[in-house]
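As the structure is a computational prediction, the values presented were derived from the model and not from experiment. Proteins get letters first, then strands, A, B, ... in listed order; numbering begins at 1 in each.
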Amino acid sequence: MNTLKAVRGTRDLLPPETELWHHVEATARRVFARYNFGEIRTPIFEDTLLFARGVGEETDIVSKEMYTFTPADDVGREARGQDRGRAASDKAQSLTLRPENTAGVVRAYIEHKLGETGLLQKLYYMGPQFRRERPQKGRYRQFFQIGAEVIGPPSAGSESPLRDAEVLEMLASFLDELGVTGWRLAINSVGSAADRPRYLAALREALAAVAGSLCGDCQHRAHTNPLRVLDCKVPADQPVIDALPKIADYLDDASRAHFAAVCAALDRCGVRYELNARLVRGIDYYTRTTFEFTHDAGLGTQNALLGGGRYDGLSEMLGGPRAPGIGFAIGADRLVLTLQSQAGGAAAPSKADVFLAPVGEAQNPAALVLARELRRSGLRVELGDGSFRVKKSFELADKLARRIVLLGEDEVASGMLTVKNFATGEQQKVVRGELATALSGA
RNA sequence: GCGGCUAUAGUUCAGUGGCAGAACGCCGGUCUGUGGAUCCGGAUGUCGUGGGUUCAAUCCCCACUAGCCGCCCCA
């Protein structure tokens with residue numbers, strides 16, 4: 001029989017790598033808490049309409065990358081006429097594994113009427129997302145994002161450029177605190193919901209005149225998704241692209257002032273960034289400020305560590321009240337890859353405080369009692385087995401723990417335990433009552 | 001979704017149309033209470049899966065699956 005494997009684009013995360021994931025997640029929780037964010041957990045699947053409306057029907061994500069299904073059970077029961085007791089909404093509803101989390105958060109914001117609190121909602125999330133793309137390093141079909149949203153009624157200050165700057169400053173602090181070196185921040189403004197159509201029209205017009213001189217991909221993009229032409233990396237295309245209309249020239253006064261205020265605030269607090277008039281995002285809900293943090297080590301083509309921006313019209317697109325907001329999503333898989341690359345490879349597993357080695361199987365029960373005491377006092381204890389020879393216990397202990405404690409007949413009788421520290425090689429006898437204290441130091 | 005490269009031991013990788021290899025790791029012994037590069041010994045495995053060619057295929061051919069690189073796109 002063929003053994004089953006993790007399906008394409010999914011993977012198992014094992015120790016010690018999961019220790020690094022814990023570190024990343026714990027750092028995120030710690031940093032976000034300092035900015036007074038709270039955690040939100042939304043469902044992993046949602047009504048397909050949420051993403052179609054929120055992310056955008058025409059985006060790649062929605063048009064070709066979603067895991068959408070209609071629960072077979074519902075369809076089957078309906079076909080068999082067994083649906084009598086069910087609400088109409090439960091019949092053959094199209095569901096989708098979330099490809100991103102912002103739409104879900106905004107849906108929850110609307111559903112729970114969080115805007116009625118009058119307060120700014122500052123919510124963070126972490127969890128798996130799903131997109132059916134060709135897998136590659138740093139790109140998986142189930143991948144993990146850590147993200148946050150700042151959203152609320154305008155009266156709560158949700159439109160303030162200070163919120164944009166604060167979020168960017170938080171991200172810079174997060175990466176610094178994690179020890180990520182060499183990250184770069186690019187920012188841009190894609191304008192308001194009113195600015196964008198005007199710019200797009202101008203861009204299309206300009207492209208119609210020059211598309212013939214661009215690469216094949218760009219000729220295609222000029223029709224399907226003109227903004228993406230700006231992202232083209234083909235050297236020969238660059239002079240033509242540079243001559244295209246700039247989004248900055250199409251911003252209304254309010255958008256222009258907003259962006260200038262974001263930049264001024266970043267300058268003031270020393271967060272370094274570069275303006276990138278070509279920074280374009282592939283999700284329809286973005287307005288005004290957009291940004292991307294990139295890193296060049298260990299990621300290959302997938303060099304975007306995190307991205308985000310403002311989405312002032314998203315709530316209304318989902319049938320909610322006016323609720324401007326800004327958010328971001330960190331590619332946790334990519335962040336972990338970057339940290340591993342910086343550390344020069346996979347980390348060694350961390351070690352237990354002590355390996356407790358019963359000597360002789362008769363000591364096993366007594367060893368469990370002692371292990372229980374030590375663990376209850378907070379120590380990390382690896383419990384061996386009395387059937388192991390002492391040499392084997394030492395070998396195992398040296399791999400797994402910083403110290404070994406021998407528990408043989410003598411020790412049980414005398415209450416004096418043998419403790420050896422592997423770092424120093426020193427060995428001593430310790431009274432059982434003082435053992436926990438003796439083991440808790442370095 | 002498109003193009004390219006790759007798939008052999010737990011891991012990193014050699015290799016050959018004719019009995020499957022190294023290093024590290026693992027297990028055991030020297031040593032019935034002492035580890036960290038002592039010494040000695042041992043096992044590593046459906047050579048990704050399924051077909052085909054051949055007297056014979058891990059090797060050549062085809063398909064599939066998966067990973068990586070590039071494209072597309074994104075985090």
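- Listed by chain and residue number, A:Arg107 satisfy the salt bridge (charged side-chain N to carboxylate O under 4.0 Å, His left out) test with A:Glu111 (two or more places apart in sequence, or in another chain).
- Minimum atom distance to the side chain of A:Phe143 is reached by B:A75, of the listed B:A75, B:C73, B:G33.
- Applying the ring-ring contact (aromatic ring centres under 6.0 Å, His included) test to pairs two or more places apart or on separate chains, those with a residue in residues 177-213 of chain A are A:Trp183-A:Phe293, A:Tyr199-A:Tyr250.
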- prompt: Just by protein heavy atoms under 4.0 Å, how would nucleotides 64-70 of chain B read 5' to 3' in B, S and -?
  reply: --SSSBB

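- Taking A:Glu274 as the reference, nothing meets the side-chain hydrogen bond (donor to acceptor under 3.5 Å, both in side chains) condition, with sequence neighbours excluded.
- With sequence neighbours left out, the ring-ring contact (aromatic ring centres under 6.0 Å, His included) criterion links A:Tyr311 to A:Tyr285.
- In secondary-structure terms, RNA chain B builds stems of at least 3 consecutive Watson-Crick or G-U pairs, each pair having both distances under 3.5 Å, at B:1-7 with B:65-71, B:10-13 with B:21-24, B:26-29 with B:39-42, B:48-52 with B:60-64.
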Please write out each protein N/O paired with an N/O of nucleotides 25-28 of chain B under 3.5 Å, distance rounded to 0.1 Å.
{"from": "B:C26", "atom 1": "OP1", "to": "A:Lys399", "atom 2": "NZ", "distance (Å)": "2.7"}

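- Applying the salt bridge (charged side-chain N to carboxylate O under 4.0 Å, His left out) rule to pairs touching residues 294-314 of chain A yields A:Asp164-A:Arg310, A:Arg184-A:Asp296, A:Arg310-A:Asp312, sequence neighbours excluded.
- The ring-ring contact (aromatic ring centres under 6.0 Å, His included) analysis of residues 33-52 of chain A, with sequence neighbours excluded, yields no pairs.
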field: Per-nucleotide protein contact string for nucleotides 39-44 of chain B, where B marks a base within reach and S marks sugar-phosphate only (heavy atoms under 4.0 Å, - for neither)
entry: ------

Pair up each side-chain donor or acceptor in residues 357-368 of chain A with any protein partner under 3.5 Å, not counting sequence neighbours, and list the distances.
{"from": "A:Asn364", "atom 1": "OD1", "to": "A:Gly386", "atom 2": "N", "distance (Å)": "2.8"}

statement: Each nucleotide of nucleotides 6-12 of chain B classed B (base within 4.0 Å of a protein heavy atom), S (only sugar-phosphate) or -, in 5' to 3' order, makes -------

